[in-house]
Number of protein chains: 2
Amino acid sequence: MDDLNDSVTADDVAAAAGVSRWTVARAFKKDASISRKARERVLAAAETLGYAPDLLASSLASDRSNLVAIITNDFSNPHKLVLLERLTRMLWTAGWGTLLVHMSDSDDASAALLAASQRRVDAAVVIGTRFDDTVLATALGARRVKKLVIFARYSQNPGTLTIACDDVIAMRDIADHLLDKGYRRPVFLAGPDTQSAKLHRKSTFTEYWQARTGTPVPALHADAYDSAAAIERVTRLLDGQSPDQRPDVLVCENDIIAIGAIDALRCHLGLRVPQDIAVTGFDDIPLAASPAYQLTTYRQPITAMTEKLLEVLAGTLTHDVHLPGRLIPRGTT
Amino acid sequence: MDDLNDSVTADDVAAAAGVSRWTVARAFKKDASISRKARERVLAAAETLGYAPDLLASSLASDRSNLVAIITNDFSNPHKLVLLERLTRMLWTAGWGTLLVHMSDSDDASAALLAASQRRVDAAVVIGTRFDDTVLATALGARRVKKLVIFARYSQNPGTLTIACDDVIAMRDIADHLLDKGYRRPVFLAGPDTQSAKLHRKSTFTEYWQARTGTPVPALHADAYDSAAAIERVTRLLDGQSPDQRPDVLVCENDIIAIGAIDALRCHLGLRVPQDIAVTGFDDIPLAASPAYQLTTYRQPITAMTEKLLEVLAGTLTHDVHLPGRLIPRGTT
DNA sequence: TTGTATGCGTTATCAG
DNA sequence: CTGATAACGCATACAA
């Protein structure tokens, strides 16, 4: 059991089992025309020899690598860890390997896509909020990847498939919840206001709120998608503001910004959440459920989204998908 | 610029440049014996044709994939995100691709290693605290990977290379810091007390403390490496305990446990940190620096550790490495 | 159900 | 410095 060798090839197994090399290949294929006896003999021989098909050679010959690239440029948001966990686990279960590609800045998109295509990935999945759509489009034009999926984010790229949580339903749910609770003066706290960012949640929320109440919603932009930037922005907004001028709720684009907002309110401004100001987030990261925050937020249907991704990879789904998530009411509203 | 095709092969470039296929290969190799003129011609032709070497075919022919598998089973700790970011970025810069492999339970180790070896990775890097050393050893025996590196964790596996923060120095620094600050009754809060876990930090701290003060250090074990488990354990310990029986500092095995401890103290027990009880962590995750926690912790030298990993991959380093980190004193002590 | 040629795109190695 | 031969390990198509 110890002298197993990795350089056993299908030929070796074939010889040991007394069949041809091609029968060995069939034995490892799900629905192949092969007798049960032959398959058993082959599998037994493979077991004792310690043989496992070489996926590299297989990919080269078949033009299918069973590899998908996960491309991201945002490692500061804990939500990415949740996404990575779900993606790698479910893809692995379905037989897909995952190549993790780090994309440093936006203009690195072509390099990331190039790396993916050089490894012959069957698809590239982009996760992350800080992508420039146009940069992505030009990168895609220069270096073709069989399938390009934008995951957990809105995008209008042609030649691209989007799988995301339905922001329209989500922001309406949040707005309805806030109106039910009696809040009337929300401020929307978003991430950076770059030209390229879609900021779909912001526009959806503000439009719906205005339609329902007739009043506009002021919007703020943090300089980055992290809590430090949110702390800075919220402190700057509220410092020295009198209680009756203050918003009664901060609607945040995601949890990490909401966490920063809460920290600013409590630690820098001495305000209570939700008594003085309420806060909502988006994503339902683990920290949102901790007793220290108890953040009211909105959970994306990651498992269902990943199942859709599997359909895309299988080729049975070829259009954009927007799935409804779920409001998670907690103590901050 | 738009009709670039991915199925351009070295032969096409060779034809376009008027050289042989092998000269094309040389043009893309760093230190190859090729005239500057030939290389320029080839590179120009490749540029216009949109050619990029196929890494799959390259791996098959050369027996070097330039791929390293990152194997982990713990996606609940935000510190993993920091590790992933550093690893993928620095490996990418050095020309390595990263295959992210999810390891569900301990007995899945052989499956993860098998997947890695089937893709012919040049090395596998294991990150994560919940690994069973013996399981890893048997998995390694069954399925050989060229190099197996245990990263950011202690291990004694033969045939394995460890790159980690020096826990001995670290725990002494923490102990010295606490003694300086006047703390005298620490309790060590560790993760699960499984047979396999090394719990190196715990033994190191308790032994050093005993040596310096002559008093033993009680130890607690949370049921998991997450904050919820830590909250439960700390609450159970201190609930109803009189102030003079209480420890004056909780020394935690890592930050996520420390965060849970703080939440328990503040939210469930109504105690103040550090006035009633101090807390220390390990890792310096981003949350530790937030104003809500201001956790005194210890930062692992991740960049330096990753540089050592690159040396291992290059073959210039072949022994275990333990690097000193840095104490980060903050508000919880 | 099983065996046989042929090709996937590259590199190691040797010849010129 | 450059060209040529022989793998690398498997899959596809087709023939038996």
Side-chain angles (χ1 to χ4, degrees), chain A residues 5-43 45-46 49-67 95 97 114 117-122 146, chain B residues 5-43 45-46 49-67 95 97 114 117-122 146:
Chain A
N5 194 341
D6 251 8
S7 59
V8 262
T9 160
D11 278 320
D12 301 330
V13 179
V19 296
S20 75
R21 162 156 48 111
W22 298 270
T23 306
V24 174
R26 277 187 269 266
F28 280 91
K29 224 172 132 186
K30 188 82 176 166
D31 312 296
S33 58
I34 181 176
S35 67
R36 212 169 48 112
K37 220 182 71 184
R39 165 169 280 155
E40 282 170 3
R41 270 236 306 282
V42 170
L43 258 35
L49 288 176
Y51 166 82
D54 185 325
L55 263 43
L56 221 66
S58 162
S59 305
L60 183 59
S62 69
D63 206 46
R64 282 178 45 254
S65 62
N66 280 319
L67 249 188
L114 172 61
S117 72
Q118 281 192 288
R119 302 262 181 206
R120 295 234 195 152
V121 299
D122 292 327
K146 294 179 197 165
Chain B
N5 194 341
D6 250 7
S7 58
V8 258
T9 158
D11 278 317
D12 302 329
V13 179
V19 297
S20 73
R21 165 158 40 117
W22 298 274
T23 304
V24 174
R26 276 188 270 265
F28 280 90
K29 224 173 132 185
K30 189 79 176 170
D31 314 296
S33 56
I34 182 178
S35 68
R36 211 168 50 111
K37 219 182 70 182
R39 165 170 278 155
E40 282 169 4
R41 269 237 307 284
V42 169
L43 258 33
L49 288 176
Y51 167 80
D54 184 326
L55 263 44
L56 223 64
S58 163
S59 305
L60 184 58
S62 69
D63 206 45
R64 284 180 44 256
S65 62
N66 279 319
L67 250 187
L114 172 61
S117 72
Q118 281 191 287
R119 302 264 181 205
R120 294 232 195 155
V121 299
D122 292 329
K146 295 180 197 164

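A quick note: this is a predicted structure, and the numbers were derived from the prediction, not measured. FYI, side chains are in, hydrogens and waters are out, and symmetry mates aren't considered; it's all heavy atoms of this structure. Below, read A as the first sequence line, B as the second, and so on, with proteins coming before strands; counting in each chain starts at 1.
- For Arg21(B) and dT10(C), a side-chain-to-base donor-acceptor distance below 3.5 Å is present, hydrogens and geometry of angles not being considered.
- Rounded to whole Å, the distance from CG on Leu49(A) to C1' on dG9(D) is 16 Å.
- A straight line from CG of Asp54(A) to P of dA7(D) spans 18 Å, rounded to a whole angstrom.
- The shortest distance between the side-chain N/O atoms of Thr9(A) and the OP1/OP2 oxygens of dC10(D) is below 4.0 Å.
- With the nearest nucleotide of DNA chain D identified for both Gly18(B) and Ser62(B), Gly18(B) has the one nearer the 5' end.
- Here dG3(D) is the nucleotide among dT11(C), dT10(C), dG3(D) with the atom lying nearest to any side-chain atom of Arg26(B).
- The main-chain N or O of Ala14(A) is never found under 3.5 Å from a side-chain atom of Arg21(A) such that the two would form a donor-acceptor pair.
- With rounding to whole Å, Leu56(B) atom CG is found 17 Å from dC8(D) atom P.
- Within the 4.0 angstrom heavy-atom criterion, only backbone atoms of the sugar-phosphate kind lie near Ile34(B); the bases stay farther away.
- With distances taken from any side-chain atom of Val19(B) to the nucleotides dG3(D), dT11(C), dA12(C), the minimum falls on dG3(D).
- The side chain of Ser20(B) contributes an N or O atom lying less than 4.0 Å from OP1 or OP2 of dG3(D).
- If Leu55(A) and Trp22(B) are placed on DNA chain D by their nearest nucleotide, the residue sitting closer to the 5' end is Trp22(B).
- Between the CG atom of Asp12(A) and the C1' atom of dG9(D) there is a distance of 11 Å, given to the nearest Å.
- For Thr23(A), no side-chain nitrogen or oxygen approaches OP1 or OP2 of dT1(C) to under 4.0 Å.
- A close approach under 4.0 Å does occur between a side-chain nitrogen or oxygen of Lys29(B) and OP1 or OP2 of dA12(C).
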- Task: With salt bridge (Lys or Arg N to Asp or Glu O under 4.0 Å) as the test, would you mind laying out the steps for Lys146(B) and Asp122(B) before giving the verdict?
- Result: CA-CA 6 Å; Lys146(B) 295 180 197 164; Asp122(B) 292 329; 2.9 Å; yes
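- Using a distance-only test at 3.5 Å, with no hydrogens or angles considered, a donor-acceptor pair links the side chain of Gln118(B) to the main chain of Pro53(A).
- Remark on DNA chain C: of its neighbouring residues Arg64(B) and Arg39(A), the 5'-side contact belongs to Arg39(A), judged by nearest-heavy-atom nucleotide.
- Computed from coordinates, the Arg36(A) CZ to dT1(C) P distance equals 13 Å when rounded to whole Å.
- Atom P of nucleotide dG9(C) and atom CD of Gln118(A) are separated by 14 Å, given to the nearest angstrom.
- Electrostatic pairing of Arg119(B) and Asp54(A) does not count as a salt bridge here, judged by no charged N lying under 4.0 Å from a carboxylate O.
- Residue Arg120(B) is classed as a sugar-phosphate contact, given heavy-atom separations below 4.0 Å to backbone atoms only.
- In this structure, Leu60(B) places its CG atom 9 Å from C1' of dG9(C), rounding to the nearest Å.
- No donor-acceptor distance shorter than 3.5 angstrom exists from the side chain of Thr23(A) to the backbone of Val19(A), with no hydrogens or angles considered.
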